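Please read these numbers as outputs of a predicted model, since none were measured by experiment.
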Amino acid sequence: MSKCLWSPLVLLLVHSAVLCISAENATEGLQDVTLAAILPLTNTDYAWAWPRVAPALHRAVQRVNSDPWLLPGLKLCLVHGSSENRDGFCSDSMAPLVAVDLKLSHDPWAFIGPGCDYSSSPVARFTTHWEVPMVTAGARAFGFKDYAAVTNTGPTHKKLGEFGMRIQETFGWHRHALLIFSDKKDTNDDRPCYFAVEGLYQLFGEHNITIRDHIIEADSVNYKTVVQEVRENGRVVYLCCPWDILRTLMVQFWKEGMSLEEYVFFFIDLFAEGMGGHGPVRPWYRGDQDDYAAQQAFRSVKVLTYLEPQNPQYLQFVETLKSDAKKMFNFTIEDSLYNLIAGGFYDGVMLYSQALNETLSEQRGRGWESGKFQRPKQDVVTRRMWNRTLPGVLGLVEMDEFGDRQMDFAMWDMTDVDSGEFQVVCVYNGSMKQLVVQSGRSFQWPGGAPPPDVPECGFKNDNAACLARTVSMHQMVAIVICFVFVIIVTVTVFIYREDTARPRMKHGWMDV
């Protein structure tokens, strides 16, 4: 074997940390059902990093293995391979190599993860080809709907698109939307904003809404250009970028004297990373000279995030997650919406186990070979996970017919214009596909009502109907010139008549 072929295998050995666990009280002689997790090993900036998710996966495996009615005669076994490259970032080359390595060495019944979109794409292609289920709470990009093996028990950008579509319909915006997002030309960047707005782009397009998109490079933003883009092409604007870029942009709007009551800006901060901290939530506040302008401009901003579950099961799950992560990895998990992802992976293992149990129950009493269950062929287990509902730690696990979980979202608004405090004004119920306004709260519109998505006279004042009833500048100049001309002619005629009358008067007086 050549040296160039050995290198990837060496890397696989470095990045594939293998760990097989089962319940403490598991008995010997049970048939193993191996689950292969492919997740980032060390980079905890990812919501699906192994130290964040592994405790939840371990708990799920232990729960399944300790339940005598769930997968009797079997025990789940978990192995892990890292999707990180040498620099600690998700890699679209490392993840499929790890998947192949795990397939050859462990022949798993299902893959858990990956989480990053670019890492997940090649693995999804492999698992679809192998006819092995892939269960994840990452891989949020819209395009994963095309992979037959993928089941997503976490939030997806397709559901974000459905949320955005409901916003459009609720406020009567059926014609136009502007999407602004930051993007990096970096091989280590997973392009979160690009994929986030993709869901909006696809759903809006399916409903015949005209879409204008504008890309900003996070390292070199020309704010005046962005303001000009919004002025000429948008009134209902969806933005995804770092918080500091949003604030600087809104301050620029204010400084240029734009009528912000004619605009609404929906800022996408799915994990609510700018809405935390102690005390009132004021994402515009920095304690600098631009605070006043930022507060005034943020009256036109509404923030879109995931909705944190409040059911007792989730609250207890998070406490257990924190404790286990500290014991297993000496890693401190904070209270954040990142914990939704761990909950999604937990629910994914439970959903898979239930679907597998139902499938294998049809084998009991028949189809045994050497006293072992035969692994289900094709996509039988995957299809059993779709279009169904069961309890989960995040609430109901309600899967649609395409293998995506229904997800709830929150919309934040500035409820106190004096203090600039933001609160959750309404929530989006993914199951009902409805916006539900929170009790005692209402949307704040600087103009008193939602602005139209297209100005009455068009973005460039070129609406034909508007022009028909509006005097243009050229027409105004022509009218003024004609008016002046009439005055000049009138005065000239008057002076001429006066001058011709005087000699006759003088001549008549002399005759007397």
Under the 3.5 angstrom rule, does the side chain of [X] hit a backbone N or O of [Y] as a donor-acceptor pair?
X: Asn65; Y: Leu76; result: yes
X: Arg299; Y: Gln296; result: yes
X: Asn43; Y: Gly88; result: yes
X: Arg52; Y: Phe331; result: no
X: Asp408; Y: Gly430; result: yes
X: Ser121; Y: Tyr118; result: no
X: Glu398; Y: Gln406; result: no
X: Tyr46; Y: Cys90; result: yes
X: Asn339; Y: Glu334; result: yes
X: Asn429; Y: Met432; result: yes

In Å and rounded to the nearest 0.5 Å, what is the [atom1] to [atom2] distance from [X] to [Y]?
X: Asp269; Y: Trp412; atom1: CG; atom2: CH2; result: 9.5 Å
X: Met165; Y: Lys433; atom1: CE; atom2: NZ; result: 13.0 Å
X: Thr359; Y: Gln354; atom1: OG1; atom2: CD; result: 10.0 Å
X: Arg384; Y: Asn357; atom1: CZ; atom2: CG; result: 10.0 Å
X: Met407; Y: Asp404; atom1: CE; atom2: CG; result: 10.0 Å
X: Thr34; Y: Lys103; atom1: OG1; atom2: NZ; result: 11.5 Å

Can you tell which of Asp92, Asp117, Asp183 makes a salt bridge (Lys or Arg N to Asp or Glu O under 4.0 Å) with Arg191?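 With Arg191 as partner, Asp92, Asp117, Asp183 yield a single salt bridge (Lys or Arg N to Asp or Glu O under 4.0 Å), made by Asp183.
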Are [X] and [Y] side-chain neighbours, meaning at least one heavy-atom pair lies under 4.5 Å?
X: Arg405; Y: Asp347; answer: yes
X: Leu203; Y: Gln168; answer: no
X: Tyr238; Y: Ile167; answer: yes
X: Trp130; Y: Val100; answer: yes
X: Tyr428; Y: Met411; answer: no
X: Phe345; Y: Leu39; answer: yes
X: Met414; Y: Val301; answer: no
X: Leu340; Y: Pro309; answer: yes

Can you list the residues that meet the ring pair (Phe, Tyr, Trp, His ring centres under 6.0 Å) rule with Phe317, with sequence neighbours excluded?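 Phe317 satisfies ring pair (Phe, Tyr, Trp, His ring centres under 6.0 Å) with Tyr346 only.
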Could you please spell out the steps behind the side-chain contact (heavy atoms from CB on, under 4.5 Å) verdict for Met250 and Trp284? CA-CA 9 Å; Met250 297 310 299; Trp284 50 268; over 6 Å; no
Closest non-hydrogen atom pair between [X] and [Y], with its separation:
X: Thr136; Y: Gly113; answer: OG1-CA, 3.7 Å
X: Leu57; Y: Ala37; answer: CD1-CB, 4.3 Å
X: Trp50; Y: His58; answer: CZ2-NE2, 4.3 Å
X: Phe409; Y: Thr156; answer: CZ-O, 4.5 Å
X: Met134; Y: Pro114; answer: CE-CD, 3.7 Å
X: Pro40; Y: Pro51; answer: O-CD, 4.3 Å

With a 4.0 Å cut-off on N to O distance, would you call [X] and [Y] a salt bridge?
X: Lys224; Y: Glu256; result: no
X: Lys184; Y: Asp219; result: no
X: Asp291; Y: Arg247; result: yes

SG to SG below 2.5 angstrom is the rule I want applied to Cys193 and Cys241. Does it hold?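 Unbridged: Cys193 and Cys241.
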Derivation of the ring-ring contact (aromatic ring centres under 6.0 Å, His included) call for Phe271 and Tyr306: CA-CA 6 Å; Phe271 289 110; Tyr306 298 132; 5.3 Å; yes
Verify whether the ring centers belonging to Phe267 and Trp243 lie closer than 6.0 Å.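 So the answer is yes for these two rings.
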Decide if the gap between the ring center of Phe298 and the ring center of Tyr285 is smaller than 6.0 angstrom.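 Phe298 vs Tyr285: aromatic centres not under 6.0 Å.
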Within the supplied structure, the quantity of interest is the number of heavy atoms (other residues, nucleotides, ligands) at a distance under 6.0 Å from [X] [atom1]; does it exceed 12?
X: Lys326; atom1: NZ; answer: yes
X: Arg383; atom1: CZ; answer: yes
X: Phe204; atom1: CZ; answer: yes

Show your working on side-chain contact (heavy atoms from CB on, under 4.5 Å) between Asp400 and Lys159 and close with a plain yes or no. CA-CA 11 Å; Asp400 68 14; Lys159 298 306 176 183; 2.8 Å; yes
Determine, step by step, whether Asp290 and Lys255 satisfy the side-chain contact (heavy atoms from CB on, under 4.5 Å) criterion, reporting the C-alpha distance in whole Å, the side-chain angles of both residues, the deciding distance to 0.1 Å, and the verdict. CA-CA 10 Å; Asp290 288 328; Lys255 289 181 177 180; 3.6 Å; yes
Report the C-alpha separation of Ser66 and Gln62 in whole Å, then their side-chain angles, then the decisive distance to 0.1 Å, and conclude whether the side chain to side chain donor-acceptor pair (under 3.5 Å) test is met. CA-CA 6 Å; Ser66 63; Gln62 290 171 1; over 6 Å; no
On the 0 to 90° scale, with breaks at 30° and 60°, tag the Phe253-Tyr263 ring pair as parallel, tilted or perpendicular.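 Plane angle between 30° and 60°, so tilted.
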Return the orientation label for the Phe144 and Tyr147 ring planes: parallel under 30°, perpendicular over 60°, tilted otherwise.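 Ring orientation, 0 to 90° scale: tilted.
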side-chain contact (heavy atoms from CB on, under 4.5 Å) evaluation trace for Phe163 with Leu160: CA-CA 5 Å; Phe163 176 33; Leu160 173 62; 4.2 Å; yes
